[in-house]
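Notes follow the structure.
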Amino acid sequence: RFQRRIRACRYDIDQFTPNFLSIFDSLVPSEEEIAKQNQLLAALSRLINKEWPNSKLYLYGSCANSFGFSNSDIDLCLSIDDKEMSKVDIILKLAEILQAGNLQNIQALTRARVPIVKLMDQVTGLSCDICVNNLLAVVNTKLLRDYAQIDRRLQQLAFIVKHWAKSRRVNETYQGTLSSYAYVIMCIHLLQLRRILPCLQEMDATCNVTVDDNHCTYFDQVDKLKNYGAHNKETVSSLLWAFFHYWAYQHDYMQDVISIRTGRIISKHMKDWTRRVGNDRHLICIEDPFETSHDLGRVVDKFSIKILREEFERAANILQYDANPSVTLFEPYVP
Ligand code: ATP
Ligand code: MG
């Protein structure tokens, strides 16, 4: 089971590309939906700025990183510099402001790990979560969006991987499987290894922000990199094959950490991620690009790692042998 098996990609894999691309097209949000998101952002910003003129509301997560499906919830982050108020006080006050602005279904979740205000807007029909001062998420959202501008295959691959993960129920962090954010990082890493994407954090920095103690610097003039991966002609189906074969048969779960910060595989040993510390078991290691002590695989435990690896193998085998991979891959998981 732990032997690394290297197989040749099936010769006819490319014939499935149109099917995978039509799945991608069906998941992309429409222009109209994006306009509604911006309309809600503008309305909420106006309301909040009346009370807190120096605050700023940011979109982050999948509605802003180019990896959002149609009809997904909106993630917003309020940036506010108020030394007098605690995060929980800000959340409670924010809920009051929204209530007074005639928004409905407002809930302040002050005891959650990340305290948020939830709301459903009747005008646009959109649901959203607002957190406070989580600026690292705003910056990593921009990094993902910038990578997506360089080569179209990243967005296509990540949508299909996310769709697979949601269908197979391995995109549930509270059940010990991986976040959407982690899956996108895994896709970026694969494309870096195949020289379809560069490593923006290793290039001369043109974007420079410090959040808490993290220096977030990278090259963000991505319009200059549009032809970066053009010499590589792999289709999205062969990249999908490569993605699942890597995680099913090639990744060394004992030794390796994937790192988009360096564009390479680095060792667990180097990061001192070789043993369990508290709840960090490091059973699958995915380094956060900015908060480098943070393993995005930390949610995975000894039960869920088994489920995850079995799902990677299932997907790899479907892409290798199945007559109809663009259907079988997404068959819902039935317990
Ligand atoms: P979905 O379409 O499933 O809602 P999403 O892109 O919104 O996907 P989430 O995993 O819900 O993904 O995360 C939302 C955002 O929160 C991410 O884009 C990222 O900015 C931030 N984030 C999520 N998980 C982490 C994490 N473990 N460490 C740092 N930032 C994270
Ligand atoms: Mg989200």
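Along the sequence shown, residues carry numbers from 1. Atoms within a ligand are numbered from 1 in the order they appear, just like the ligands themselves. Atoms considered below: every heavy atom in the structure, side chains included; atoms not considered: hydrogens, waters and symmetry mates.
Lys142 has a carboxylate O that lies under 4.0 Å from a charged side-chain N of Asp146, or vice versa, which qualifies the two as a salt bridge. Arg169 has no carboxylate O lying under 4.0 Å from a charged side-chain N of Glu311, or vice versa, which leaves the two without a salt bridge. A salt bridge does not link Glu313 with Arg309: every distance from a Lys NZ or Arg NE/NH1/NH2 to an Asp or Glu carboxylate oxygen is 4.0 Å or more. By the 4.0 Å N-to-carboxylate-O rule, Lys87 lies too far from Asp89 to be salt-bridged with it.
With a 4.0 Å cut-off on non-hydrogen atoms, Asp75 touches ligand 1 through its side chain and not its backbone. Under 4.0 Å from ligand 1, not a single heavy atom of Asp73 appears. By the criterion of a heavy-atom distance under 4.0 Å, the side chain of Asp288, and not its backbone, is placed next to ligand 1. Looking at Glu291 against ligand 1, nothing comes within 4.0 Å, counting heavy atoms. The proximity of Val184 to ligand 1, defined as any non-hydrogen pair under 4.0 Å, does not occur for either the backbone or the side chain.
For atom 30 (N) of ligand 1, the closest non-hydrogen atom of the protein is Asn140 ND2, 3.3 Å. At the top of the distance list for atom 14 (C) of ligand 1, counting protein heavy atoms only, stands Gly61 CA, 3.8 Å. If you check which protein heavy atom lies closest to atom 21 (C) of ligand 1, you get Ala137 CB, 4.0 Å. For atom 2 (O) of ligand 1, the closest non-hydrogen atom on the protein side is Lys162 NZ, 2.8 Å. Here the heavy atom of the protein found nearest to atom 3 (O) of ligand 1 is Ser180 OG, 2.6 Å. Among protein heavy atoms, the minimum distance from atom 5 (P) of ligand 1 is reached at Ser62 CB, 3.4 Å.
If you check the side chains of Glu33 and Ser70, you find a donor sitting under 3.5 Å from an acceptor.
When the heavy-atom distances from atom 10 (O) of ligand 1 to Ser72, Ser179, Ser66 are ranked, the shortest goes to Ser179. Among Tyr60, Phe159, Tyr181, the residue whose heavy atom lies closest to atom 25 (C) of ligand 1 is Tyr181.
The name of the N, O or S atom in Asp75 nearest to the Mg ion (ligand 2) is OD2.
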